[in-house]
Each structure stands twice: as structure tokens, then as C-alpha cells.
J.: 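The following block contains the structure, expressed as C-alpha cells.
Everything numeric here is computed off the predicted structure, so don't read it as measured data.
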Amino acid sequence: MEQTDVVIVGSGAVGLCAAYYLKKSGCKVTILEKGGIADGCSSGNAGLIVPSHFVPLAAPGVITQGLKWMFNPESPFYIKPRFNSDLLSWLWKFSRSCNEAHVQRSMPLLRNLNMASRSLFDELEEVLPVNFDLEKLGLFLLYLGDKGYRECIEMVEGAREVGLNAIMKTQEEIRTIDPAMNCLAKGGAFLEEDAHFTPAKFNQGLLEWLRQEGVVILPDTEVTGLLTSNKRIAEVETSRGNFSADEVVVAGGVWSEELVKSLDISIPMQAGKGYSVTYRTDVKPRYPLLLAEAKVAVTPMGENLRLAGTMELAGNDLSINRRRIRAILRAVPQYIKNEPVMLEDAQIWAGLRPCSPDGLPYIGRSKKFFNLTIAAGHAMIGMSTAPISGKLVSEIINDGKTGMDISMLAVDRYSR
Ligand SMILES: Cc1cc2nc3c(=O)[nH]c(=O)nc-3n(C[C@H](O)[C@H](O)[C@H](O)COP(=O)(O)OP(=O)(O)OC[C@H]3O[C@@H](n4cnc5c(N)ncnc54)[C@H](O)[C@@H]3O)c2cc1C
């Protein structure tokens, strides 16, 4: 049986960042990945670092809006109607978190996680052997009409409340700041602390650094069970034989719920499917954008432009719905002048966001098994907060003390 200090299950951005900080602290680390390295949700996403995402997914108004959108096949949010007890139980918990008190409690924490991570990206840019196109320029949230305008104003007010720099800009001002954007939107909110990068290059940089440092990384190695003894994980059972480690980290994205279910640990999770379309073009904004009404992200990534959007709760299903891809493509030219996208020359991708019912990730040690740490459920901010999540995992494992209060992220919060 293979023996190591720490086994990490999952090689998404969260697992790779945990490996990075654990290795830096002197641990011998092995990563077990059932598929290809960083091939899950962490590859084709919008690559935004988002201190501006300080409102959790579970917020007042989301359910009413979601119900309205459910009957529109091109809407940015969709719940596939089905009788599934896990989905119903998740929706019940989600609805209980959709209140102002929960939002107010979560805002400073989400801001702190994103801002701490934003700083860690600087260190990673220095250290990693691959340039991952990190740009700390800010982001524009663009609007077309009254509804989008209200969203921008609320965003600016909320951002200022949590100490971020945000300001409304007119169409003319945006055109002066970024002529390459060819802004057609009426105006937008400028969110100064947001940033962007190319996710696949970031993952590649981490992977190369980890390999150079001697971290063992095993693709095509599925964890099939966690065997326990005396309140600890004694063995990690895999498709390549068993592993034993002093510490086990579950960073399996949306699949994490299933992994710990047999241990009687409940981390409710639904897959929030999203799509991206990436294509090479010279016509692109310098700044990343969020399109308020359409809920589409537009990110310049080196020579490419990536359009990303939709949130479909349809189970762990990666099939591509062309109508929603077309809806993303149709939205963009309303906000900026861009070239028509030739789908045959574009990369179309789908990924499953790991969504917890309260919109907060699960990060922490299990109370039931003292050598088990979980880092999963990051939903829409998993790239942005991967570095701080990895650092927190390393702090938890090394001395149990974390640099910030993460009690709201407790992994046992839904367990009996
Ligand atoms: C369209 C879209 C746009 C997005 N844009 C952004 C953005 O701009 N900014 C941002 O911060 N976030 C964004 N996200 C969200 C972000 O991509 C995710 O939150 C993040 O990638 C989750 O990382 P992870 O490491 O937890 O999961 P994953 O990347 O899914 O990694 C989990 C890994 O665990 C492996 N695994 C699971 N079970 C097992 C097992 N039993 N044995 C071995 N291995 C296992 C999986 O194969 C997978 O590789 C976006 C998501 C989507 C879909």
C-alpha cells in the first residue's frame, strides 16, 4: 500500500492549490484524479477573480426570478423539472438561505476570501513556471435597460458597503477607457478590484510546479471508497489500489458529496451547469465584462475571447444544449460590437459548478473523522478563491489555526 503525508482527492483548481500550499509547508503530497488533470470545472470557465461576487447565490429574489426563467429554454437559469429527493431537499435548504440576514452575514466573508485570494495570485504569478495572463484591470458590469441599470446601482452600493471601489460609468466614459470594447451598452458599473486570467494556463503552471517539487499526481485514478477506523480515514480505496495517509483532503468538486456520503457526512451539492465558447479574434475588449441582463461573462484571454454563462440545475450531466449556446452568442452583440462567431472554429465547453444550498463553500475539518478535510462547493467563485482555499486547507492541516474566521464554511453544517 502506498503511504504519504497527505492524499488529495481531485485535481481541480482547489485540489491543485491545496497541494501547492501543503507542499510549500513541507508535506509529502499525492493527488488522486479520476479523469484527466484539471479537466473538470476548472478548465473552460470565465477566469474571473471576483471580489465583486460578495452576494451568495442564495439571495432574496433568486427563487422568483428562477421560477420565471424556468419556462424559457434560452434563459440564463434553469432547473430541469424532475422528482429527485436530493434536488428537492437541496431546494428546500436553498430557499431557507434566500434571505437578507444570510446575505448580510455572508458578504464580508465572501469579500475577504476573494480579496485574500486576489493577493495570493500575485505570489503565484511570480512562482509558477507558466504565464497565466493575470490582469488586474477591474471589470465592467454593463447594462442595456432599467433592470440592468438597477442591478449596476445595487452592485456599486453593495461594493462600497463592503469597502470595495466601484463607480457608475456612462457609455462615452467606457468608450474612452476601452476603445477596443466598442461599447454599445447604455453604461455600466466599474468594479476596480476584479481581475482575470486564463484558467487552463494557471492549472498548467500549478501542475508543472508541483511535479518539479516531487508531488505525485495520478490521473485516471478514481477514489472508490474511504475506509475508516478509530474516527480516522485509514485507507483511500482507488481503482489503482489502496493509499494510506496521515491526512486526507476531499477536493472533488461536485462529486464530493457522493464521496463523503458513506461516512454519514452531508455536504448537499447540486451541479450548476454552465457553458463557454472560446475563439481566436483580434476584436476584443481589454477589460473583462459581465452583461447584466444576459448573465454572460466576456473575458479576453491572450489571443482568445471567452464567452461564458447559464446556470442549469440538471444533475451531473455534461451534455451541451445548443439553444443556450446560441442565447449566449446572441446576447453579446447587444452590449459590444464583436465579430460573428464561427462555431466550427470555436471551442464549446460545459462544466459543473459545485453549488451548496447556502452559496458558501465547505472548507474545514470534519468533526467525525479527525484526519479528513473538505474543500468543495465553491459554485461561481471556485477559480477566484482557489488560492485562499488551498492556503486554508494547508493551515488547517498544519496547525489547525486559520488566518481568517471560516466558521460559516464548516463542513458539518448540514450533518446531523
Ligand atoms: C461557465 C462557468 C464559468 C465560470 N466562471 C468562473 C469565474 O469566472 N470565476 C470563478 O471563480 N469561478 C468560475 N466558475 C466556477 C469554477 O469553475 C468552479 O467553482 C471551480 O472550477 C471548482 O473547482 P474544484 O476544484 O472545486 O472542482 P473541479 O474543477 O470540478 O475539480 C474536481 C476534480 O475532482 C475529481 N474527482 C471527483 N471525484 C473524484 C473521485 N472519486 N476520485 C478522483 N477524482 C475525483 C474530478 O474529476 C475533478 O477533476 C465558472 C464555472 C462555469 C461552469
J.: Side chains of Ser89 and Lys93: do they bring a donor and an acceptor to under 3.5 Å?
T.: yes
J.: Could you check if a side-chain atom of Glu33 sits within less than 4.5 angstrom of a side-chain atom of Ile217, using non-hydrogen atoms only?
T.: no
J.: Can you tell me if Arg324 and Thr310 form a side-chain donor-acceptor pair at under 3.5 Å?
T.: no
J.: Taking all non-hydrogen atoms of both residues, which atom of Ile320 and which atom of Ala350 are closest, and how far apart?
T.: CG1-CB, 4.1 Å
J.: About how many Å separate OG1 of Thr4 and CD of Glu247, when rounded to the nearest 0.5 Å?
T.: 11.5 Å
J.: Should Leu291 and Leu144 count as side-chain neighbours, where that means a heavy-atom distance under 4.5 Å?
T.: no
J.: Counting only heavy atoms not in Asp399 (residues, nucleotides, ligands), do more than 12 fall under 6.0 Å from its CG?
T.: yes
J.: Do the side chain of Trp90 and the main chain of Cys355 share a donor and acceptor less than 3.5 angstrom apart?
T.: yes
J.: Assert yes or no for the condition that the ring centre distance of Tyr275 to Trp349 is strictly below 6.0 Å.
T.: no
J.: Quick one: does Glu312's side chain have a donor or acceptor within less than 3.5 Å of a partner on Ala314's backbone?
T.: no
J.: Distance-only, no hydrogens or angles: does the Asn398 side chain make a donor-acceptor pair with backbone N or O of Ser394 under 3.5 Å?
T.: yes
J.: Do the side chain of Asn371 and the main chain of Ile233 share a donor and acceptor less than 3.5 angstrom apart?
T.: yes
J.: With a 4.5 Å heavy-atom cut-off, do Val14 and Val393 have their side chains touching?
T.: no
J.: With a 4.5 Å limit on heavy-atom distance, are the side chains of Tyr20 and Leu128 in contact?
T.: yes
J.: Before you tell me yes or no, could you show the steps for Arg105 and Glu100 under salt bridge (Lys or Arg N to Asp or Glu O under 4.0 Å), namely the whole-Å CA-CA distance, both residues' side-chain angles and the distance that decides it to 0.1 Å?
T.: CA-CA 9 Å; Arg105 269 200 310 275; Glu100 199 48 43; over 6 Å; no
J.: Is it the case that the side chains of Ser244 and Gln3 hold a donor-acceptor pair, with the cut-off being a distance below 3.5 Å and no angle test?
T.: yes
J.: Mark yes when over 12 heavy atoms from residues, nucleotides or ligands other than Arg82 sit less than 6.0 Å from its CZ; otherwise mark no.
T.: yes
J.: Sub-3.5 Å donor-acceptor pair from the side chain of Ser366 to the main-chain atoms of Phe369, do we have one?
T.: yes
J.: Classify the side-chain pair Glu293/Tyr335 by whether it contains a donor and acceptor separated by less than 3.5 Å.
T.: yes
J.: Look at the side chain of Lys368 and the backbone N and O of Asp264, then say whether any donor-acceptor pair between them is shorter than 3.5 Å.
T.: yes
J.: For Asp220, is there an ion pair with Lys34 - N to carboxylate O distance below 4.0 angstrom?
T.: no
J.: Within a strict 4.5 Å, meaning less than it, do heavy atoms of the Phe243 and Thr30 side chains meet?
T.: yes
J.: Are the side chain of Asp412 and the backbone of Lys367 linked by a donor-acceptor contact shorter than 3.5 Å?
T.: yes
J.: Test salt bridge (Lys or Arg N to Asp or Glu O under 4.0 Å) on Arg280 and Asp345 and set out the steps.
T.: CA-CA 8 Å; Arg280 208 175 159 146; Asp345 298 330; over 6 Å; no
J.: Do Glu257 and Tyr362 have a side chain donor and acceptor closer than 3.5 Å?
T.: no
J.: Charged N to carboxylate O under 4.0 angstrom, Glu123 versus Lys391?
T.: no
J.: Judged by modelled atom types alone, do Glu235 and Asn242 share a side-chain donor-acceptor pair under 3.5 Å?
T.: yes
J.: Of all heavy-atom pairs between Met269 and Gly377, which one has the smallest distance, and what is that distance?
T.: SD-CA, 3.6 Å
J.: Can a donor-acceptor pair be found between the side chains of Asp358 and Ser97 at a distance below 3.5 Å?
T.: no
J.: Does any N or O in the side chain of Ser239 come within less than 3.5 Å of the main-chain N or O of Glu222, such that one atom is a donor and the other an acceptor?
T.: yes
J.: Please indicate whether Glu258 has more than 12 foreign heavy atoms, meaning atoms of other residues, nucleotides or ligands, lying under 6.0 Å from its CD.
T.: no
J.: Quick check for you: to the nearest 0.5 Å, what is the distance between Arg365 atom CZ and Leu372 atom CG?
T.: 8.5 Å
J.: Please check this pair: side chain of Asn45 against backbone of Cys41, looking for a donor-acceptor N/O pair closer than 3.5 Å.
T.: yes
J.: When you look at CZ of Arg240, are more than 12 heavy atoms from neighbouring residues, nucleotides or ligands closer to it than 6.0 Å?
T.: yes
J.: I need the His196 NE2 to Met383 CE distance, nearest 0.5 Å.
T.: 13.5 Å
J.: Show the nearest heavy-atom pair for residues Lys80 and Leu87, with the distance to one decimal.
T.: O-CD2, 4.2 Å
J.: With a 4.5 Å cut-off on side-chain heavy atoms, are Tyr279 and Leu305 touching?
T.: yes
J.: Step through the shown structure and confirm whether more than 12 heavy atoms of other residues, nucleotides or ligands are within 6.0 Å of OH on Tyr414.
T.: yes
J.: Quick check: Phe121 with Phe202 (ring centres under 6.0 Å apart)?
T.: yes
J.: So do the side chains of Tyr143 and Arg150 get within less than 4.5 Å of each other, counting heavy atoms only?
T.: no
J.: Using distance alone, with no hydrogens and no angle criterion, decide if Ser42 and Asn203 have a side-chain donor and acceptor under 3.5 Å apart.
T.: no
J.: Could you tell me whether the side chain of Cys17 reaches within less than 4.5 Å of the side chain of Leu206, counting heavy atoms only?
T.: yes
J.: Look at the side chain of Lys136 and the backbone N and O of Arg118, then say whether any donor-acceptor pair between them is shorter than 3.5 Å.
T.: yes
J.: Under the salt bridge (Lys or Arg N to Asp or Glu O under 4.0 Å) criterion, do Glu213 and Lys28 qualify, and how do the steps go?
T.: CA-CA 10 Å; Glu213 295 294 317; Lys28 201 172 148 198; over 6 Å; no
J.: Taking all non-hydrogen atoms of both residues into account, name the closest pair between Pro51 and Phe54 and its distance.
T.: O-CD2, 3.5 Å
J.: Verify the neighbour count for atom CD of Glu303: are there more than 12 heavy atoms of other residues, nucleotides or ligands below 6.0 Å?
T.: no
J.: So, for Leu226 and Val223, which heavy atoms are closest and what is the spacing to 0.1 Å?
T.: CD2-CG1, 4.2 Å
J.: Are side-chain N/O atoms of Asn165 and Glu193 paired as donor and acceptor at under 3.5 Å?
T.: yes
J.: With no hydrogens and no angle check, do the side chains of Ser384 and His53 hold a donor and an acceptor under 3.5 Å apart?
T.: no
J.: If you draw a 6.0 Å radius around CZ in Arg330, do more than 12 non-hydrogen atoms from other residues or ligands fall strictly inside?
T.: yes
J.: Can you tell me how the ring of Phe190 sits relative to the ring of Tyr287, calling it parallel under 30°, perpendicular over 60° and tilted otherwise?
T.: perpendicular
J.: Without hydrogens or angle criteria, can the side chains of Gln212 and Glu208 be said to hold a donor-acceptor pair below 3.5 Å?
T.: no
J.: Could you verify whether a donor N or O on one side chain and an acceptor N or O on the other, from Arg306 and Thr278, lie under 3.5 Å apart?
T.: yes
